[in-house]
Amino acid sequence: MKHLTCHLDFISPYGYLAFEHLPQALEGLSYSVVYRPVLLGALLKHHGQLGPAEIPAKRSWTYRHVLWLGHAHGIPIQMPATHPYNPLPHLRLALATSADGDISRYVAETLFREVWRSGGEPGDPARLAALSATLRPQRDPGGEAVKAELKANTDAAIARGVFGVPAFEVDDRLFWGFDGLAMLRAYLHGEPWFDGPDWDAADQRPSMLLRSKS
């Protein structure tokens, strides 16, 4: 059995789609998954990136693309009333339901579906209160321990090379994005390609873009 870590942030529509599609994508394989909330904004800032929704032309494409992917894969999806939004209340609520930095699939599902199926305003206090009543957190979502845990999760993900969500970590390898699920399945299925030179050698060449400015 392979053990996967799914790094996620509820703000990501691709994270939602990948979460919903994961059981189907890996059907028949032996694996376990832990779901680990991280702050996407901090990942992007660390790597000097903008999120897709922060680039106007890409924002338009991203929203159309995720709605199409939901349609094409039979995954219900409805854009929230506001996006991007502040995901911290959802992330902290999720972490407050557990004691070890990981959350259950039920908690992840409840939060993802609230954001990506309801069409509501994610930051609405009444909606957040209803979510809290449903999930019954063990700890104070606004407490310092939960805040520190989210930062620790995010810092650890950065140290492992995570640059975006969803990111699936297995055997010290990272698979990124909804469209990376097919590649993840191939690896878990024992595809020989992953033991060949291409995986390790793919990024081992000079880059003109990465040279330091003089």
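What you are looking at is a predicted structure, and each value in this text was computed from that prediction instead of being measured.
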Across all chains, not counting sequence neighbours, the side-chain hydrogen bond (donor to acceptor under 3.5 Å, both in side chains) partners of His73 are none

Sorted by chain and number, sequence neighbours left out, side-chain contact (heavy atoms from CB on, under 4.5 Å) with Gln49 holds for Leu44, His47, Phe163

Residues in side-chain contact (heavy atoms from CB on, under 4.5 Å) with Pro52, at least two apart?
-> Lys58, Thr62

N/O donor-acceptor pair under 3.5 Å between Asp198 side chain and Trp193 backbone = no

Would you mind checking if Glu20 and Arg113 are paired as a salt bridge, meaning a charged N to carboxylate O distance below 4.0 Å?
-> yes

Show which residues join Met1 in its hydrophobic cluster (side-chain heavy-atom contacts under 4.5 Å, direct or indirect), or state none.
-> none

In chain order, what residues pass the salt bridge (charged side-chain N to carboxylate O under 4.0 Å, His left out) check against Asp102, with sequence neighbours excluded?
-> Arg36

Residues that Asp155 engages under salt bridge (charged side-chain N to carboxylate O under 4.0 Å, His left out), provided they are two or more places apart = Lys151

Do Tyr85 and Trp116 have ring centroids that are under 6.0 Å from one another?
-> no

Taking distance alone, no hydrogens or angles, what donor-acceptor pairs closer than 3.5 Å link side-chain atoms of residues 119-126 to residues at least two apart or in another chain?
| unit_1 | atom_1 | unit_2 | atom_2 | d |
| --- | --- | --- | --- | --- |
| Glu121 | OE1 | Thr82 | OG1 | 2.5 |
| Glu121 | OE2 | Thr82 | OG1 | 3.3 |
| Asp124 | OD2 | Ala126 | N | 3.3 |
| Asp124 | OD2 | Arg127 | N | 3.1 |

Using the test side-chain hydrogen bond (donor to acceptor under 3.5 Å, both in side chains), find all partners of Ser32 that sit at least two apart in sequence or belong to another chain.
-> His3

side-chain contact (heavy atoms from CB on, under 4.5 Å) with Ala156: which residues, sequence neighbours excluded?
-> Arg160

Listed partners of Ala25 passing side-chain contact (heavy atoms from CB on, under 4.5 Å), at least two apart = His21, Leu181

With sequence neighbours left out, what residues match Asp203 under side-chain hydrogen bond (donor to acceptor under 3.5 Å, both in side chains)?
-> none

Taken in chain and number order and not counting sequence neighbours, the residues that satisfy side-chain hydrogen bond (donor to acceptor under 3.5 Å, both in side chains) with His65 are Tyr14

